[in-house]
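Report on the structure given below.
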Amino acid sequence: MHAIKPFNTLGRSAQDFEPIQPGKVGFYGCGPTVYNYAHIGNLRTYVFEDLLVRSLRRFGYEVTHVMNITDVGHLSGDDDTGEDKMVRSAKERGESVLQIARFYTDAFFRDTGRLGIARPTVVCKATEHVADMIALIQRIEAKGYTYMSGGNLYFDVTKFPTYGELANLRMDDLKAGARIEVDENKKNPHDFVLWFTKSKFENQALVWDSPWGVGYPGWHIECSAMSMKYLGESFDIHAGGIDHVPVHHTNEIAQSEAATGKKWVNYWMHAEFLILDKGKMSKSKGGFITLQSLVDAGFDPLDYRYFCLGGHYRSQLTFSWEAMEQAKASRKALADRILDLRDKLAGQDIPAVSALGRAAAERLARFDDALADDLAAPRALAELWQLVRDSQAPAADALAAALEMDGALGLGLAAARREEASVDPETVGRIEALIAARAAAKKAKNWAEADAIRGQLKEMSIALEDGPSGTTWKKLA
RNA sequence: GGCGCCGUACCCAAGUGGUAAGGGAGAGGUCUGCAAAACCUUUAUGCAUCGGUUCAAUUCCGAUCGGCGCCUCCA
């Protein structure tokens, strides 16, 4: 089992990973709020989480990956007074909240699927776990961490001495409410709601009965309740976007540890933002780019995955169409290498990893070192390139090692195939006739004629390649 | 006001207290009737600026300039 060393936000340092149970990893990744399509910034985080899961599995861990689907309660506006986002979407489309949630959940998994992201072991919806949340809140209440005020149940952060540790918050010089009016029902600006009975917006669509009255859960409790349900009261890794550090994850820790009295999560990993030239991409500000819009622009979803892997997950990555073009070109070149290696082997068996020659084995080892070192994908990618270009390694070894690497990177290299021209049979006949005519012209050394035919085919977006075994063609995109 | 990140070639992007990975793009070459692919060579005495520490700094420290994120639902 390879020693992996993730950067732990808790402590802000790279730390040797030691799972609670040897050989097993409990991993919780914050999932989407399903009131709209995911944008490519959101998706970057899921690519990171997928790389983490694939790497851990590659290193021999049995990973239980839990992801929540938030299908209740979030605000729509920057001013904290808007409607529930789910409710607004539902209203706009004339559908029920649950229909909206279902629709965008499906869209989400369609996108992650296209990105080669493995489906989590457990996908859990907030609306189906309200009873678990209520039970957890009761535990917190029983330990004396809560108070009722203005109809809502609050968590009192002053009762939790290590509050803010994850985010390096210092309670005394914090200026909460710098950008937002503080809820006057709170004793402390950092207190947060565990259960609402007094909604700030009318017509809350989804409400449940509870010991505190009819209402709905606070925004942080679902992750605590569901993660503990599926992973236990303490588990190994929790990941999410970096924006979650100061509030969401900070509050999750407080409420979870208040309830159990135990350390909740050992390793916290946070992905940095994808940004545009003008700043971050967000659902509420502009610059909303979906995976589909990349596809519509002629990119394969895996081109975007390659783009993401080209930067380290803890660094901001700036999106640009030019960078996408570069990623596309790189990924295609990589796939072509794999195809060339396949051709060289001509059906020969691919050696087992244990039977690799030294050159390929060393590359693979370095690749693993890069991944183990806080998921250094750019370095891992560089090793893959070196491998695939290294004439030292026999083709069979190179191919075997490259496919091993791709098991972690998920760039779909095993499935790489030459671009099959999607051309109707009639046109195929014409193309082949022209190629035959050109072959005849070439044989007669009538170069002008041969080139004319090449030009004619080019008009039809058909590119020819003369090889040792004859002429092949493909349709250009 | 507080917290945090970043500034490396034309572009994207690694990295290290001892002299700059990888990819894209460009240039030259080999090969090919042409073309494509492939292969070879090539593109930062330099890592925002200015100081400091050091035998040695791009890498550590400080300041400055510039960009970005968070403190509000947000990946």
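Below, chain A is the first sequence line, B the second, and so on; all start at residue 1.
Remark: D111(A) engages R114(A) in a salt bridge, criterion side-chain N to carboxylate O under 4.0 Å. Note on R331(A) versus D303(A): salt bridge recorded, some NZ/NE/NH1/NH2 to OD/OE distance being below 4.0 Å. Under 4.0 Å is where a charged nitrogen must lie from a carboxylate oxygen, and between D340(A) and K344(A) no such pair does. Contact check on D397(A) versus R363(A) returns no salt bridge, with no Lys/Arg side-chain nitrogen under 4.0 Å from an Asp/Glu carboxylate oxygen. Using a cut-off of 4.0 Å between Lys/Arg side-chain N and Asp/Glu carboxylate O, R58(A) and D368(A) are scored as salt-bridged. Look at R110(A) and D106(A) and you find no salt bridge, because none of the NZ, NE, NH1 or NH2 atoms lies under 4.0 Å from a carboxylate O.
Ring geometry, W321(A) versus F319(A): the interplanar angle exceeds 60°, so the pair is classed perpendicular (tilted spans 30 to 60°). Using a 30° and 60° split on the angle between ring planes, F155(A) and F160(A) fall in the perpendicular class, above 60°.
When the P atom is compared between C10(B) and C5(B), the two are found 28 Å apart, to the nearest whole Å. G62(B) and A57(B): their C1' atoms are spaced 15 Å apart (whole Å). Using atom C1' as the reference point in both A21(B) and U8(B), the two lie 12 Å apart (nearest Å). Across the P atoms, C50(B) and U58(B) are found 11 Å apart, a figure rounded to whole Å. On the P atoms, C31(B) is 25 Å away from G23(B), given to the nearest whole Å. Between the P atoms of C6(B) and A48(B), the separation comes to 12 Å (whole Å). Comparing U45(B) with G17(B), their P atoms are spaced 23 Å from each other, to the whole Å. Across U43(B) and G51(B), the matching P atoms stand 30 Å from one another, rounded to whole Å.
Contact annotation: the side chain of V265(A) never approaches that of E252(A) to less than 4.5 Å [non-hydrogen atoms, C-beta and beyond].
When ring centroids are compared, W195(A) and Y216(A) stay outside the 6.0 Å threshold. Note: Y104(A) and Y37(A) meet the aromatic proximity criterion, with ring centroids under 6.0 Å apart.
Nucleic acid contact for R331(A): none, since no nucleic acid atom lies under 4.0 Å from a heavy atom of the residue. Residue-level contact check: Q386(A) touches the backbone only, with heavy atoms under 4.0 Å from sugar-phosphate atoms and none from bases. Contacts of L317(A) with the nucleic acid, taken as non-hydrogen atoms under 4.0 Å apart, involve only primed sugar atoms and P, OP1 or OP2. Counting non-hydrogen atoms under 4.0 angstrom, K445(A) reaches nothing in the nucleic acid. Among the heavy atoms of the strands lying under 4.0 Å from R454(A) is at least one base atom, whether or not backbone atoms are also near. Within the nucleic acid shown, F307(A) has no heavy atom closer than 4.0 Å to any nucleic acid atom. Backbone-only contact: E322(A) has heavy atoms under 4.0 Å from sugar-phosphate atoms and none from a base.
If you measure from atom NZ of K443(A) to atom C1' of G33(B), you get 16 Å, rounded to the nearest angstrom. Between the P atom of G23(B) and the CD atom of E325(A) lies a distance of 19 Å, rounded to the nearest Å. Whole-Å rounding puts the R366(A) CZ to G22(B) C1' distance at 12 Å.
The side chain of Y306(A) approaches G23(B) more closely than any other nucleotide in the set G23(B), A14(B), C68(B). Among the nucleotides G33(B), G24(B), A14(B), the one closest to any side-chain atom of S330(A) is G24(B). Closest contact between the side chain of F273(A) and the listed nucleotides G69(B), A13(B), G24(B) involves G69(B). Out of G69(B), A21(B), C12(B), the shortest distance to the side chain of A382(A) is found at A21(B). The side chain of P378(A) approaches A14(B) more closely than any other nucleotide in the set G23(B), G33(B), A14(B). For A329(A), the listed nucleotide lying nearest its side chain is A25(B); candidates were A25(B), G22(B), G23(B). With distances taken from any side-chain atom of I275(A) to the nucleotides G24(B), C68(B), A13(B), the minimum falls on C68(B). Listed nucleotides: C39(B), G33(B), G24(B). Nearest to the side chain of D466(A): G33(B).
In RNA chain B, runs of at least 3 stacked Watson-Crick or G-U pairs (N1-N3 plus N6-O4 or O6-N4, or N1-O2 plus O6-N3, all under 3.5 Å) give these stems: B:1-7 with B:65-71, B:10-12 with B:22-24, B:25-30 with B:38-43, B:48-52 with B:60-64.
One can find a donor-acceptor pair under 3.5 Å joining the base of C11(B) and the side-chain atoms of Q326(A).
The residue among H244(A) and D451(A) whose nearest nucleotide of RNA chain B lies closer to the 5′ end is D451(A). Judged by closest nucleotide on RNA chain B, A167(A) is the one of L381(A) and A167(A) placed further toward the 5' end.
Within residues 106-127 of chain A, no residue is approached by RNA chain B to less than 4.0 Å at the level of any non-hydrogen atom.
Contact annotation: R438(A) side-chain N/O to G33(B) OP1/OP2 distance is not under 4.0 Å.
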Check: protein-nucleotides 4-6 of chain B nitrogen or oxygen pairs below 3.5 Å:
none

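Here the rule is ring pair (Phe, Tyr, Trp, His ring centres under 6.0 Å) with H238(A), and of W264(A), F27(A), Y267(A) only W264(A) fits it.
In this structure, W447(A) packs face-to-face on the six-membered ring of G33(B), meeting both the 5.5 Å centre cutoff and the 30° plane limit.
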